[in-house]
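Input: a single structure, listed below in structure tokens.
So that the names make sense, note that chain A is the first sequence line, chain B the second, and so on, each numbered from 1. Source: prediction; values computed, not measured.
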Amino acid sequence: MSAADTEALMRQRLASLEPEAVEIADESALHAGHAGARAGGGHYQLTIVSKHFAGLDALSRHRLVYQALGGLMGSRIHALSIQAYAPGEL
Amino acid sequence: MSVQDIIREQVTTHPVVLYMKGTPQFPQCGFSANAVAILRACGVEDFFSVNVLEDNAIREGVKQYANWPTIPQLYINGQFIGGSDIMREMYQSGELQKLLQAALAH
């Protein structure tokens, strides 16, 4: 499996949030040799803008992202840093 | 005592609890290191930390407890606050300092 495949899968899953923008940065190289990296999961930084985040606190926004990603968390994704915005917040 | 009971007891008998990879002195993950640094920046040196790398049942159990798939996890007065991204956001807004001060004032 390649990092590009994982990013494509992330985008597919995140489509359920009808995002206006999704940016995914693969930071796996920064963590090479780390136990999680050896196990095959990547480190990603996600910035996402969605109307579904409007009126929600950060905890609830991150939960929506984790729910959308589902089983990717802990398998293809070892670590994920999330910045979740509602439209107009950026 | 089930793992969920152990976690409930840990988070309710200590005002500030951090589940992390490694220890505050030797974090073994960048996100856990960030979480410790944020607590210290808030003036909190003395918090209850649990090294999930030493106990796989706790490591998996705490993910269920908070319904949150990642470590670190911060709890204040038994309430799940978030992971390191949320800690950073709340620190930058000043909200985290207020919560911690209120929790540690007793």
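The number of heavy atoms from other shown groups lying within 6.0 Å of CG (B:Asp5) is above 12.
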Q: Assess whether side-chain contact (heavy atoms from CB on, under 4.5 Å) is satisfied between A:Leu72 and A:Thr6, documenting all intermediate values.
A: CA-CA 8 Å; A:Leu72 294 180; A:Thr6 300; 5.7 Å; no
Q: Check step by step if side-chain contact (heavy atoms from CB on, under 4.5 Å) holds for B:Leu39 and B:Leu100.
A: CA-CA 9 Å; B:Leu39 286 176; B:Leu100 287 166; 3.9 Å; yes
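The shortest distance between side-chain heavy atoms of B:Leu99 and B:Met90 falls below 4.5 Å.
At a heavy-atom cut-off of under 4.5 Å, chain A is reached by B:Ala66, B:Asn67, B:Trp68, B:Pro69, B:Thr70 from residues 54-74 of chain B, listed in order of number.
A donor and an acceptor atom, one from each side chain of B:Thr23 and B:Asn51, are nowhere located under 3.5 Å apart.
Contacts between A:Leu80 and chain B at a heavy-atom distance below 4.5 Å involve the backbone alone (N, CA, C, O). Within the 4.5 angstrom heavy-atom criterion, no atom of B:Leu53 approaches chain A.
For the ring-ring contact (aromatic ring centres under 6.0 Å, His included) criterion with B:Tyr75, the lone passing option out of B:Tyr19, B:Phe47, B:Phe48 is B:Tyr19.
The minimum heavy-atom distance linking B:Leu96 with B:Cys42 is given by the pair CD2-SG, 4.0 Å.
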